[in-house]
Amino acid sequence: MTSSEIRRHFLDFFQSKQHLIVASAPLVAKNDPTLMFNNSGMAQFKDFFLGNGTPPAKRVADTQKCLRVSGKHNDLEDVGFDTYHHTMFEMLGNWSFGDYFKKEAIHWAWELLTEVYQLPKDRLYVSVFQGDDKDNVPFDQEAFDLWEPIVGKDRIIYGNKKDNFWEMGDTGPCGPCSEIHVDLRSAEEVAQQPGKELVNADHPQVVEIWNLVFMQFNRKADGSLEPLPARHVDTGMGFERLCMAIQGKKSNYDTDVFSGTINVIEELSGKPYGGTMDKSDVAMRVIADHIRAVSFAIADGLVPSNSKAGYVIRRILRRAIRYGYSYLNLTEPFMTKLVPTLALQFAEVFPELNAQRDFVATVIREEEIAFLRTLGTGLGRLDQIVTDTKAAGNASIAGETVFELNDTFGFPADLTALIAREKGLGIDEDGFQKALQEQKTRSRKDAASSAGDWIELADATAGSRFVGYDQTESETRIVKYRKVQNKQGVQYQVVLAETPFYAESGGQIGDTGTLTLLDAGKPVGRLLVVDTKKENDLTIHVIDPTQAVGYTSTVMANEPGKAWGVFPPKSIITTLSNGDKVVSWPSGDGLEADQLEDLFKQSDAVRAKIDTIRRAQIAANHSATHLLHSALRDVLGTHVAQKGSYVGPDALRFDFSHFSKVTDEQLAEVERIVNEKIREDIPLDEQRNVPIAQAKEMGATALFGEKYGDFVRVITFDPSYSVELCGGTHVNRTGHIGLFKFTGEGSVSTGVRRIEAKTALGAETLVNEQMAIVSELKEVLKAPKDVVKAVQDLLTERSALQKQIEALQNEKVQQIKNGLLDKVTQSNGHAVLVERVDVPSADALKQLAYDLKAKVDNLALVLGADINGKPQLAVMLPDSLIQDRKLNAGQVVKELAKNIKGGGGGQPFFATAGGSDSSGLDAALAQGKELLA
Ligand code: ATP
Ligand code: MG
């Protein structure tokens, strides 16, 4: 059975059991603060388990691209060294959201493995949860009773909390699980040792293939468990391991999932793959594995970079490059050459790679070129380190140094060790580990934040319906809130039943605004929403308690003519349903946590209101990115694909794939088109709940790496110009954007350019600032017709004048020099000249001194000048005075400079000084005359 057939059978099987087959979510996790990459099939369904959303069906199945290279699941260092852990792998899964439970999950798993895939029953083992006293969870009798008649007691293993109890995170849904393991050893080996003894013992041929998780508890922040109202099934089967089992191989790398790529690596390196633990075979496995992770991550919108997820991808790519470099002698870019094979292999299941094949290959190639260069530099540095280490008489390279090479040059410890060994040195492995650990602790501390339990105030399934496309204000209620502690201090997160607040996503920044808490119509508090974020599908309003205000209220009966009192500033008046008016005034800024929580509980409704001016700016910027996107495709070509964006109130940023600098002419053309579209005042055509297939037919641009549901929102500004799938907020007509102006163009990373621009008020401010500069300039220049020409003329004139001045000054210095020659006297065998002169600059003074020295033998000279109010001195000494009288021009000038309140220095034969008191010049010269006589 080929791997494609194996995948197909899985999906068909669960479809026949009434499961809806869905697409894999992108590798890169979005809107999930706990995850950088999707690392399991269930990640995209979290909301359904948490009760924050409704699944598209109660039974779902798929194959999910997973990446386990960071956080809780990190298998990176095992990859290559074992034969069944990958960075990126496919996880086949079936789910029940509050529908079937253990019985069906277990029976179907068995049926699929033994009947469809025909795996031998006597090679399968299953595990059940043995229970945990501390958590007060009993042995999973239910699962045991289901398995026992199928596999028999002897094939059941009792697993502990570590292996057989699954948790989503520190808090949230969890429950016992049952794993299925397969024994792939030869008959002889099996005869020697029963497979049961090797389960969970890291044996490469006795491996876990499928994990069936039964979610039935919720873990609270205090660590306690409570039963979940709806129980769920979440299963995950490693596709590559399944292929190994079905195809009767001993390693995942021997299956047809990897053989295509390995063949290319063999060709490129000229070495055959032997499947051993030799370094060259390890390297081939590393490369065959990593190219998948890197290619699919890039296809899903990530680019290698120096931060966050982009950095993780860069490190994976570099790991592969250096394995190729060190063990396969691949010193030219080679990873890039594996992309086409991979793209074709997965064209059907994951078409996103094939669709962006050239882009992915180019990004990888550029990264390779850069890193191979770094490797070269690192090798040079390492040579030096080796020499130094030997010179110091040490037998191994210090751990700190190994760490530094790793951290700053991306030079991994094992490569350092390898090279060191070749040169007869070791490395201080412990010291390296220590430095590494310290760094990890540092970064963990930086990221530390903690969240309390959600406190539910209303039915939690009420969710947070977004009404912000149509309203800027809404009267609603708080569903739940929690307290979080992070770098910003204490914040509160609030979920509303419905909200006009747009939560940051798709590049558009979250709304800000106010929540007015009401109690029977009376305001009891006003909270500032400082940000709105998404956690999976939940909209979270972030509240800063130090900016919250409590209100004191008094009801004023509706008695016409009754006088109103005088109330404190910032008081607000509201009218109740019976017509009575309420005056409420703030009771001081900033609330303590418990005061705030009391207000949450006391209030029965909330008036949520966004900052509309800010939102209007954001909308203008967002719509402008759509116009920009189309204009870029018109001008640069259809290879332009959005790679990221920022849409805020102040500005917009748009990142897109393109391999060269956008020229000034191209930029001007793009800007012209966008502004033309603005002036066309195209009305917004917003369609919600469009079936995805129909949206694609409309020609809507979808972004790679974005997860779209079955129904999407389509934003159109002229069907022949801009049609995009988008959840953001937009202007009603492009005319509202007003004006679009670029503020910058540059490179973000290989193959990705960034454009920055401003619109509406931002563009107006920008233009005003620039025009103010020009008009000021005109005024200064006395309103010339052509400002630029006027400035150019000034510059030309200036340099001509400069030349004239220099010539005149030279002439003058010449004259002074000639005059001075007459004043030279002789004394004790040397010439003496002490004079006050009138020169234009310190340079001229110096020049004069040197010219005189050239004319007069054995000259001892002191010159003084007042240059634009600043006294200057220059002292020149003949060798005779330096040698015979041990004089030094530097010391002499310092001594003389005291007269002019200054200081200076120079060489023994020539020195200068400057000062602040010109009235002392004559005294200085008199003293000089005495000294040099
Ligand atoms: P293991 O103990 O082998 O690392 P796990 O307990 O981490 O597995 P789960 O988190 O239960 O695995 O994931 C479900 C299934 O996904 C596993 O049964 C296995 O078949 C597969 N799987 C897990 N990690 C990897 C990996 N790094 N590469 C390939 N397949 C994997
Ligand atoms: Mg694991």
Side-chain angles (χ1 to χ4, degrees), residues 23-30 37-38 63-67 87-88 90 260-261 264 288-305 309-310 312-314 316-317 320 333-370 506-507 625 628-630 632-645 654-660 662 692 695-696 699-708 712 723-726 747-755:
S24 170
L27 265 188
V28 188
K30 292 248 167 82
F37 301 104
N38 276 316
T63 178
Q64 169 68 44
K65 294 178 280 187
C66 296
L67 195 55
T87 52
M88 184 197 138
E90 281 179 66
T261 313
V264 184
D289 174 277
H290 289 8
I291 189 62
R292 293 167 23 115
V294 173
S295 301
F296 279 103
I298 298 175
D300 274 347
L302 210 61
V303 277
S305 71
V312 177
I313 293 306
R314 172 167 280 171
I316 298 175
L317 179 57
F334 62 93
M335 294 289 280
T336 182
K337 297 185 181 149
L338 305 175
V339 176
T341 312
L342 205 59
L344 272 187
Q345 181 184 339
F346 287 95
E348 231 157 79
V349 240
F350 306 125
E352 57 276 15
L353 181 56
N354 201 31
Q356 302 174 88
R357 202 163 59 180
D358 295 343
F359 174 70
V360 173
T362 313
V363 169
I364 293 181
R365 191 186 62 228
E366 296 296 319
E367 275 287 310
E368 283 192 90
I369 293 172
T625 59
L628 170 63
H629 191 180
S630 292
L632 284 169
R633 288 170 69 95
D634 279 357
V635 174
L636 303 179
T638 50
H639 63 277
V640 167
Q642 181 170 344
K643 286 290 160 202
S645 70
F654 188 77
D655 298 347
F656 55 99
S657 47
H658 183 58
F659 284 101
S660 51
V662 187
I692 182 96
K696 287 195 175 142
T701 319
L703 306 187
F704 291 111
E706 208 58 55
K707 183 180 136 198
Y708 297 105
V712 292
V723 187
E724 293 201 27
L725 302 187
C726 177
S747 156
V748 190
S749 63
T750 317
V752 181
R753 307 295 303 180
R754 166 170 295 172
I755 275 182

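What you are looking at is a predicted structure, and each value in this text was computed from that prediction instead of being measured.
- In this structure a side-chain-to-backbone donor-acceptor pair under 3.5 Å is missing from E367 to L317.
- At least one side-chain heavy atom of I313 sits under 4.5 Å from a side-chain heavy atom of L67.
- Put simply, the side chain of F346 reaches to within 4.5 Å of the side chain of E90, judged on heavy atoms.
- Side-chain contact between R357 and L344 is present, with at least one heavy-atom pair separated by less than 4.5 Å.
- In terms of modelled atom types and a separation under 3.5 Å, the side chain of E352 and the main chain of G705 share no donor-acceptor contact.
- Contact record, S660 with H658: O-CD2, 3.0 Å, taken as the closest heavy-atom pair.
- Judged by distance alone, with hydrogens and angles left aside, the side-chain atoms of Q642 form no donor-acceptor pair with the main-chain N or O of F654 at under 3.5 Å.
- Of the candidates K643, K65, K707, K30, D300 forms a salt bridge (charged side-chain N to carboxylate O under 4.0 Å, His left out) with just one, namely K65.
- Between I755 and L632 the shortest side-chain heavy-atom distance falls below 4.5 Å.
- In this structure, T336 contributes its side chain and A361 its backbone to a donor-acceptor pair below 3.5 Å.
- With a 4.5 Å cut-off on side-chain heavy atoms, F334 and V264 do not count as touching.
- Judged by distance alone, the side chain of Q345 and the main-chain N or O of G260 form no donor-acceptor pair under 3.5 Å.
- The two residues A293 and L27 make their nearest non-hydrogen contact at O-CD1, 4.1 Å.
- Residue Q356 comes nearest to A299 through the heavy atom pair NE2-O, 2.7 Å, listed as atom of the first residue, atom of the second, then distance.
- Between P304 and T750 the shortest side-chain heavy-atom distance does not fall below 4.5 Å.
- At least one donor-acceptor pair under 3.5 Å links the side chain of R633 to the backbone N or O of V640.
- Shown here for F359 and S657, the closest heavy-atom pair between the two residues is CE1-CB, 3.4 Å.
- Taking 4.5 Å as the limit, every side-chain heavy atom of F350 sits out of range of all side-chain heavy atoms of L342.
- Panel note: side chain R754, backbone V748; no donor-acceptor pair is recorded below 3.5 Å.
- Looking at residues two or more places apart in sequence or on another chain, you find a side-chain contact (heavy atoms from CB on, under 4.5 Å) between S749 and V303, V752.
- The shortest heavy-atom contact between N38 and P26 is ND2-O, 2.6 Å.
- The distance from atom CZ of F656 to atom OG1 of T625, rounded to the nearest 0.5 Å, is 12.5 Å.
- Rounding to the nearest 0.5 Å gives a distance of 10.5 Å between CZ of R753 and CG of L636.
- Pairing each heavy atom of A700 with each of L725, the nearest pair is CB-CD2, 3.6 Å.
- Looking at L302 and F37, their side chains come closer than 4.5 Å, going by heavy atoms from C-beta outward.
- Distance check: F704 CZ to L353 CG gives 10.0 Å after rounding to the nearest 0.5 Å.
- Between the side chain of T701 and the backbone N or O of V723 there is at least one donor-acceptor pair closer than 3.5 Å.
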